[in-house]
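Convention: sequence-line order gives letters A, B, ...; per-chain numbering from 1. Below, each value reflects all heavy atoms present in this structure, side chains not excepted, and no hydrogens, waters or symmetry copies.
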Protein chains: 2
Amino acid sequence: MATGAETQAPRRRSDATRAAILEAARERFASDGYERATVRSIAHDAAIDPSMVMRYFGSKEGLFAAVVDVELDFPDLAGTDPGSVGVVLVRHFLDLWERDGVLRTLLRVGMTNSAGADRLRDVFRSQLVPAARSFGHPDAERRAALVASQVLGMAVVRYVLRLEPAAALSHDEVVAWLAPTVQRYLTAEEP
Amino acid sequence: MATGAETQAPRRRSDATRAAILEAARERFASDGYERATVRSIAHDAAIDPSMVMRYFGSKEGLFAAVVDVELDFPDLAGTDPGSVGVVLVRHFLDLWERDGVLRTLLRVGMTNSAGADRLRDVFRSQLVPAARSFGHPDAERRAALVASQVLGMAVVRYVLRLEPAAALSHDEVVAWLAPTVQRYLTAEEP
DNA sequence: AGTGTAGGCCAACACCCGTTGACTTCTTCG
DNA sequence: CGAAGAAGTCAACGGGTGTTGGCCTACACT
């Protein structure tokens with residue numbers, strides 16, 4: 001979706017405020033979760049009045065929807081070498097988790113908020129399942145779910161729980177360990 | 001820890017109430033998360049007054065600590081055949097997740113509440129890391145973290161997010177797919 | 001039977017939340 | 001310059017929260 005307005009030149013004075021609110025909200029939601037991230041605290045971070053949040057996004061729910069409404073542009077796995085799909089996918093996920101906080105926000109909020117969980121399931125269905133279909137197995141959904149379990153799990157221990165040994169792993173180490181797993185889930189004939 | 005009192009005969013009249021509060025709290029925390037599980041709703045489920053919760057557990061935080069303060073008795077991996085440790089561990093985890101709601105509660109709450117995250121890290125450190133040491137690799141902590149990422153990830157997609165394909169998997173299917181992964185994380189010489 | 005005490009309820013407290021509407025300030029353009 | 005409208009502030013609302021203390025009730029023991 002990613003509601004328009006960025007197609008037109010951003011001359012409106014309010015665009016800066018809008019962006020500030022969105023950024024503050026993204027960080028608060030990611031670090032505090034949906035309930036503890038209060039409209040007041042977000043407004044404080046963005047250095048504006050709480051009522052501005054309502055004016056721009058209608059409600060707290062609307063603000064969350066706006067934060068979470070971004071394209072995640074998965075790589076097209078159809079073109080890549082089937083032998084290195086694990087590496088490609090894991091590396092892409094690492095980038096995605098660390099680029100901006102959107103996925104972390106989604107993960108954290110998705111644990112307690114149904115709108116967050118819905119959006120997360122949406123990403124799974126619209127991005128990961130199609131990618132899993134490239135390998136011709138009839139149970140692509142199951143394979144995608146297995147991949148999701150490993151990738152989300154690493155995100156949980158690394159970014160949310162911050163388990164020391166997991167958070168300390170370099171990107172290369174994460175790829176080295178997880179890629180074979182993901183590869184197997186997607187391409188193996190049987191467990 | 002598991003605070004005593006169950007060593008003495010449970011003749012106190014209040015023990016039933018105490019247990020009712022604990023059970024209601026466990027379910028509410030597991031299904032709603034820490035913030036949305038209100039003391040009032042828990043008291044309602046336990047059919048008592050909210051003030052009783054305070055009398056027995058001091059505060060909402062105290063109640064949560066009591067809910068989460070249970071032994072998880074991991075299997076001792078030292079005795080089991082090193083070739084089937086993946087199967088044993090994954091099956092044990094499935095039992096643990098589904099026996100009572102404590103681990104689900106911990107997972108959900110650990111995402112937003114620091115006390116929950118602490119307790120989860122505690123379980124990791126005191127149970128999973130020692131188990132990982134059985135295999136003589138110097139980086140046992142890292143191996144344990146990898147196992148945690150896969151096992152927690154499956155719990156997230158299965159019990160919290162309820163991703164359809166993952167929730168529909170039978171125990172045997174989960175074991176068949178995850179056991180080789182866990183086995184490799186624990187025993188492989190290198191990625 | 002009478003009394004001390006543990007168990008339980010009720011009403012209220014102070015606080016924080018999301019949200020609202022009226023008011024002021026700044027910007028822009030005729 | 002002056003007016004129109006956007007951008008932003010302020011104070012308040014109704015409601016829900018965790019928590020408290022006073023009061024009532026029912027049981028155990030002498």
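Nearest heavy atoms, B:R143 versus B:L186: NH1-O, 3.7 Å. A pairwise comparison of heavy atoms in A:G116 and A:V109 identifies CA-CG1, 4.2 Å as the closest pair.
A side-chain donor-acceptor contact under 3.5 Å links A:Q150 and B:S149.
Checked by distance alone, B:R40 brings no side-chain donor or acceptor within 3.5 Å of a matching partner on the base of D:dG16.
Straight-line distance from the NE2 atom of A:H44 to the P atom of C:dG18: 15 Å, rounded to whole Å. Rounded to whole angstrom, the span from the CD1 atom of B:I42 across to the P atom of D:dT17 amounts to 11 Å. The interatomic distance linking A:K60 (NZ) with C:dG18 (P) rounds to 4 Å, in whole Å. When the P atom of D:dG8 is taken as reference, atom CZ of A:R18 falls 12 Å away, rounded to whole Å.
Two residues, B:Y34 and A:R55, neighbour DNA chain D, and the one matched to the more 5' nucleotide by heavy-atom proximity is A:R55.
The side chain of B:P50 approaches D:dT19 more closely than any other nucleotide in the set C:dG18, D:dG8, D:dT19. Taking only side-chain atoms of A:S59, from C-beta outward, the nucleotide of C:dT19, D:dA7, C:dG7 with the closest atom is C:dT19.
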Item to complete: Apply side chain to side chain donor-acceptor pair (under 3.5 Å) to the pair B:S51 and B:D49, showing each step before the final yes or no.
Response: CA-CA 5 Å; B:S51 64; B:D49 191 87; 2.7 Å; yes
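At a threshold of 4.0 angstrom between heavy atoms, the contacts of A:F57 with the nucleic acid are absent.
Checking the phosphate oxygens (OP1, OP2) of C:dG21, no side-chain nitrogen or oxygen of A:S51 falls inside 4.0 Å.
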